[in-house]
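One structure below.
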Amino acid sequence: MLTQKPKGTNDLFPPEVFLWEEIERKFREVCRRFGYQEIRTPIFEHTELFERGVGETTDIVEKEMYTFLDKAGRSITLRPEGTAAVIRAYVEAKKYADPGPAKYFYIGPMFRYDKPQAGRLRQFHQLGVEILGSDEPMVDAEVILMALEFYREIGLNDVELRLNSVGCPECRKSLREKLIEYFEERKDELCDLCKARLNRNPLRILDCKNESCQKIAQNAPTPLSELCPDCREHFTEVRKYLDLAQVKYVIDPFLVRGLDYYTKTAFEFVVPEIGAQSSIGGGGRYNGLIREIGGPDQPGIGFALGEERTILALKRKSEEIFVPVPDLFVCLLGEEAREYGFPLINELRRLNLWVETDYQGKSLKAQLKAANRLKAKAALIIGEEELKSGRFILRDLETGEQVELSRDELIKKYAKERGKDNA
RNA sequence: GUGGGUGUAGCCCAACGGUUAGGAGGCGCAUGACUGUGGAUCAUGACAGUGUGGGUUCAAAUCCCAUCACCCACCCCA
């Protein structure tokens, strides 16, 4: 137990972690271009926030939350998703009073007590954005476009976009009635789970994987078929903007997202070849949520992308990860050389070089071997002879060529190279 | 929550009831051939007692049970 990580969690080592850094860097970059700024909220919140924000009847709230009492007896929950907390922060700080809309992004761990499998962990990571205060269809399209731009940026060009509209409370009310009516007539053919869902959340029957249920659902009324004029208009506009940007998508009338708060636009990004958990990201509009959480009646929309799943999708194509290498390995031979080299190494590092050295007093051969293992670009040799003459050997480890130079020449050489890099 | 599979050196993988409580490989690691010059080659060496706990047996990585973890699927979702 002592040396075993909790179920469903992961340790991340190099070089794997370089891939994560790269993905997060690119995500930040795309966010910058679209004008989204980072928000950091706590990793835990009061349990009620998620109960309210995510929805009492969702699987997340019903069985997947990491909830505990703190020492003062408050019920605390590790965040299972990002949106509720962002909105809580937005409302708490009264940011809704600022000229809008507000555009935030976040990166971080989420927690759900679920049974782990391919692409599903108890602690997983999401890259998300939220834009609060606009109901413009252009915003919906832009948010979707932004996610696709990110995927494109990291080299995922074959992500499928699935699109749907789940309507507003008004069209949902009439949909709900029609659904219940429709399924009630065919209740016998539904699976047990769906029988239970019938009155509580008939919408979810639509994307039940059970064969019999799917067959019945084929002809059931869908959110799409029951949209009110306003929602229908909104959806048409969203599609118009996506078409204008030449975004390809598949309309999926059965796409119902798991969180209760979605209204109108709902979407998902899918890569089938990564296992059963093929949805690598998703999002949608949540026009009632800000008010639900105690803020003004403002609309919002956002998405969350699964970082682990994105990486799975990426690895389908290539396993290779870019590994950074040291600029220089300094071989130190003997105590005198170490005393001379220690400050020199620091000086080189100030030039923004990655400089490695040997800490154990190994033989030159062993030090060069270490340098080679790290794939260092060059090795600098400092030994008795060099200290005497003041000329050090700089060996290019790729070509095997080596030159002798003084300390000043060495510093100048690297200062110049760095200068070129920055230009 | 339900179901299936897996668990042997740092990593990958053999052995699937028995000759010395055991072993051949590959990668990696260390040392040397090359007494201050890496990557190739060769030699030598180190590192596990088979996830954990029980049981069956004269004898168990090998069979049985339990437990833990991982993988995969259902459910659901990122």
Side-chain angles (χ1 to χ4, degrees), chain A residues 1-10 13 54 57-64 79-83 107-128 147 191-194 196-197 201 204 207-211 213 255-259 262 266 268-271 274-283 302-313 329 331-334 337 358 360 362-387 392-402:
Chain A
M1 267 329 229
L2 200 57
T3 56
Q4 193 165 63
K5 61 182 171 292
K7 192 186 181 94
T9 63
N10 253 153
F13 286 92
V54 177
T57 65
T58 58
D59 277 15
I60 292 177
V61 170
E62 280 184 351
K63 52 192 193 195
E64 293 173 2
R79 65 181 185 195
E81 57 94 54
T83 304
I107 298 174
M110 305 293 163
F111 305 84
R112 292 184 201 171
Y113 193 93
D114 207 347
K115 190 149 168 180
Q117 71 182 72
R120 196 169 69 197
L121 292 163
R122 288 185 174 177
Q123 178 177 162
F124 61 101
H125 297 78
Q126 288 188 333
L127 311 162
C191 70
D192 291 344
L193 193 67
C194 284
R197 290 206 266 236
N201 198 351
R204 295 258 225 105
D207 67 346
C208 179
K209 302 291 187 298
N210 180 288
E211 234 180 87
C213 298
L255 173 65
V256 178
R257 312 221 69 254
L259 288 66
Y262 286 108
E268 225 168 68
F269 304 103
V270 178
V271 174
I274 58 168
Q277 309 305 321
S278 58
S279 161
I280 64 172
F303 65 67
L305 314 181
E307 200 163 1
E308 284 85 355
R309 289 186 189 175
T310 299
I311 286 169
L312 279 180
F329 190 103
C331 302
L332 301 171
L333 304 170
D358 168 71
Q360 300 167 77
K362 285 193 194 163
S363 68
L364 176 61
K365 185 191 175 75
Q367 293 193 37
L368 281 167
K369 216 170 185 173
N372 187 245
R373 204 178 9 247
L374 292 166
K375 295 195 165 62
K377 291 176 195 153
L380 181 73
I381 299 170
I382 303 178
E384 278 176 46
E385 290 169 24
E386 287 77 9
L387 289 174
F392 306 97
I393 296 171
L394 181 65
R395 180 178 175 86
D396 185 314
L397 290 177
E398 279 148 37
T399 64
E401 287 164 22
Q402 56 185 45

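Throughout, protein chains are lettered first and strands after them, A, B, ... in sequence-line order, and every chain is numbered starting at 1. As the structure is a computational prediction, the values presented were derived from the model and not from experiment.
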[X] vs [N]: side-chain N/O to OP1/OP2 distance below 4.0 Å:
X      : N     : result
A:K365 : B:U37 : no
A:R373 : B:A30 : yes
A:Q117 : B:A73 : yes

Does [X] reach a base, just sugar-phosphate, or nothing at all? Heavy atoms under 4.0 Å.
X      : result
A:A118 : sugar-phosphate
A:Q367 : nothing
A:Q402 : base
A:G119 : base
A:I280 : sugar-phosphate
A:E268 : nothing
A:G8   : sugar-phosphate
A:L121 : base
A:K369 : sugar-phosphate
A:E384 : base
A:Q123 : nothing

Take atom [atom1] in [N] and the same atom in [M], then report the distance between them in whole Å.
N     : M     : atom1 : answer
B:G49 : B:A43 : P     : 28 Å
B:C27 : B:G36 : P     : 28 Å
B:A21 : B:C64 : P     : 26 Å
B:A24 : B:A46 : P     : 12 Å
B:G45 : B:U57 : P     : 42 Å
B:C11 : B:A48 : P     : 13 Å
B:C13 : B:C71 : P     : 15 Å
B:A61 : B:A9  : P     : 14 Å

query = So, for A:G383 and A:E386, which heavy atoms are closest and what is the spacing to 0.1 Å?
reply = N-OE1, 3.0 Å
message = I need the minimum non-hydrogen distance between A:A371 and A:L397, along with the two atoms involved.
response = CB-CD1, 3.8 Å
For atom [atom1] of [X] and atom [atom2] of [N], their distance in whole Å:
X      : N     : atom1 : atom2 : result
A:N372 : B:U37 : CG    : C1'   : 12 Å
A:I107 : B:A78 : CD1   : C1'   : 15 Å
A:K7   : B:G1  : NZ    : P     : 8 Å

remark   = chi for B:A9 classified (syn = within 90 degrees of 0, anti otherwise) as anti
Is there a Watson-Crick or G-U wobble partner for [N] with both distances under 3.5 Å, and if so, which one is it?
N     : value
B:G36 : none
B:U2  : B:A73
B:U67 : B:G51

Candidate list A:L121, A:N10, A:I280, test side chain to side chain contact (heavy atoms under 4.5 Å, CB included), partner A:E308, passing option = A:L121
Toward the 5' end of RNA chain B, by each residue's nearest nucleotide, A:D396 or A:F124 = A:D396
